[in-house]
Amino acid sequence: MKKILVVATSNPGKLLEIQDYLTDLDLELQLKPDELEIEETGETFSENACLKASQVAAAMGQWAIADDSGLEVEALEGAPGIYSARYGHSDRNRIERLLFELGNELNREARFVCAIAIARPDGSIALQTEGICPGEILHSPRGNNGFGYDPVFYVPEQQMTFAEMTPELKKSVSHRGKAFQVLLPKLQKLDFGF
């Protein structure tokens, strides 16, 4: 019998993305119900991931997984950070705001961060991990793949933006990919109590 893991999101795209990392595990992923709203009041990605996983798990009496991720730009003192998704009303608008705020700043260093948490049915946190992908912000977008800040996030070691990478390459070098690489061996040892 497959173990159920509730993904603390109402976004089917996010469920598919997480499922892509967990294909080798005997888990059935389910979306949280739309009416179950979790307010992200944490001050870090890790706090928000734990908050979402814990509250969804406790409310549903099931194991739950949540992630929280975003972009931190050094010259903007870590902004947009936990507000990455709310930095504008569209991907294009968020990129325009980011480039405007950076202006001609020479320090373009940035990093994508992804925190993942898994909570037991009682809401206690069983596992948490974080992945970081360092890079820099370009002056103008490049590439047509991905979403969000991908066209302006350049990874020097790959010599391309996230938006120029194939999905397979992005999956292996991204912050989310790195977080799951750390999480998977721990997740395989986790006793789901079945």
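Values below: all heavy atoms of this structure, side chains included; hydrogens, waters and symmetry mates excluded. If you're wondering where the values come from, they're calculated on a predicted model, not measured in any experiment. For the single chain, residues carry numbers from 1 onward in sequence order.
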**Request:** Go through Asn145 and Asp150 one step at a time and tell me if the side chain to side chain contact (heavy atoms under 4.5 Å, CB included) criterion holds.
**Result:** CA-CA 8 Å; Asn145 297 328; Asp150 288 2; over 6 Å; no
**Prompt:** Between Leu99 and Ile137, is a side chain to side chain contact (heavy atoms under 4.5 Å, CB included) present by the stated rule, with each step listed?
**Reply:** CA-CA 8 Å; Leu99 295 180; Ile137 304 299; 3.8 Å; yes
**Thr9 vs Ile18, side chain to side chain contact (heavy atoms under 4.5 Å, CB included): CA-CA, chis, key distance, verdict** = CA-CA 11 Å; Thr9 182; Ile18 289 174; 5.8 Å; no
**Message:** Let's go through Asp68 and Leu51 carefully: what are the C-alpha distance in whole Å and the side-chain angles of both, what is the deciding distance for side chain to side chain contact (heavy atoms under 4.5 Å, CB included) to 0.1 Å, and is it a yes or a no?
**Reply:** CA-CA 10 Å; Asp68 197 44; Leu51 199 81; over 6 Å; no
**Request:** Show your reasoning for whether side chain to side chain donor-acceptor pair (under 3.5 Å) applies to Gln128 and Ser46.
**Result:** CA-CA 8 Å; Gln128 64 182 92; Ser46 200; 2.9 Å; yes
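By the 4.5 Å heavy-atom criterion applied to side chains, Arg176 and Tyr21 are counted as neighbours. The shortest side-chain heavy-atom distance between Arg108 and Leu138 does not fall under the 4.5 Å cut-off. You'll find the side chain of Val73 stays beyond 4.5 Å of the side chain of Glu105, heavy atoms only. Here the side chains of Thr161 and Pro151 are not in contact, with every heavy-atom distance at 4.5 Å or above.
Pairs of residues two or more places apart, or lying in two chains, that qualify as ring-ring contact (aromatic ring centres under 6.0 Å, His included) and include a residue from residues 93-148 are Phe112-Phe153, Phe112-Phe162, Phe112-His175.
Heavy atoms only, all atoms of each residue included: Ala53 and Ala117 are closest at CB-O, 3.6 Å.
Heavy-atom neighbours of Glu77 CD from other residues, nucleotides or ligands within 6.0 Å: at or below the threshold of 12. Counting heavy atoms of neighbouring residues, nucleotides and ligands inside a 6.0 Å radius, atom CG of Asn144 does not exceed 12 of them.
Residues forming a side-chain contact (heavy atoms from CB on, under 4.5 Å) with Arg86 (at least two apart in sequence, or on another chain): Glu40, Tyr83. Here Lys14 pairs with Asp67 under the salt bridge (Lys or Arg N to Asp or Glu O under 4.0 Å) rule; sequence neighbours left out.
Criterion: ILVMFWY side-chain heavy atoms under 4.5 Å apart, direct or through other members. Under it, Leu22 and Leu31 are part of a common hydrophobic cluster.
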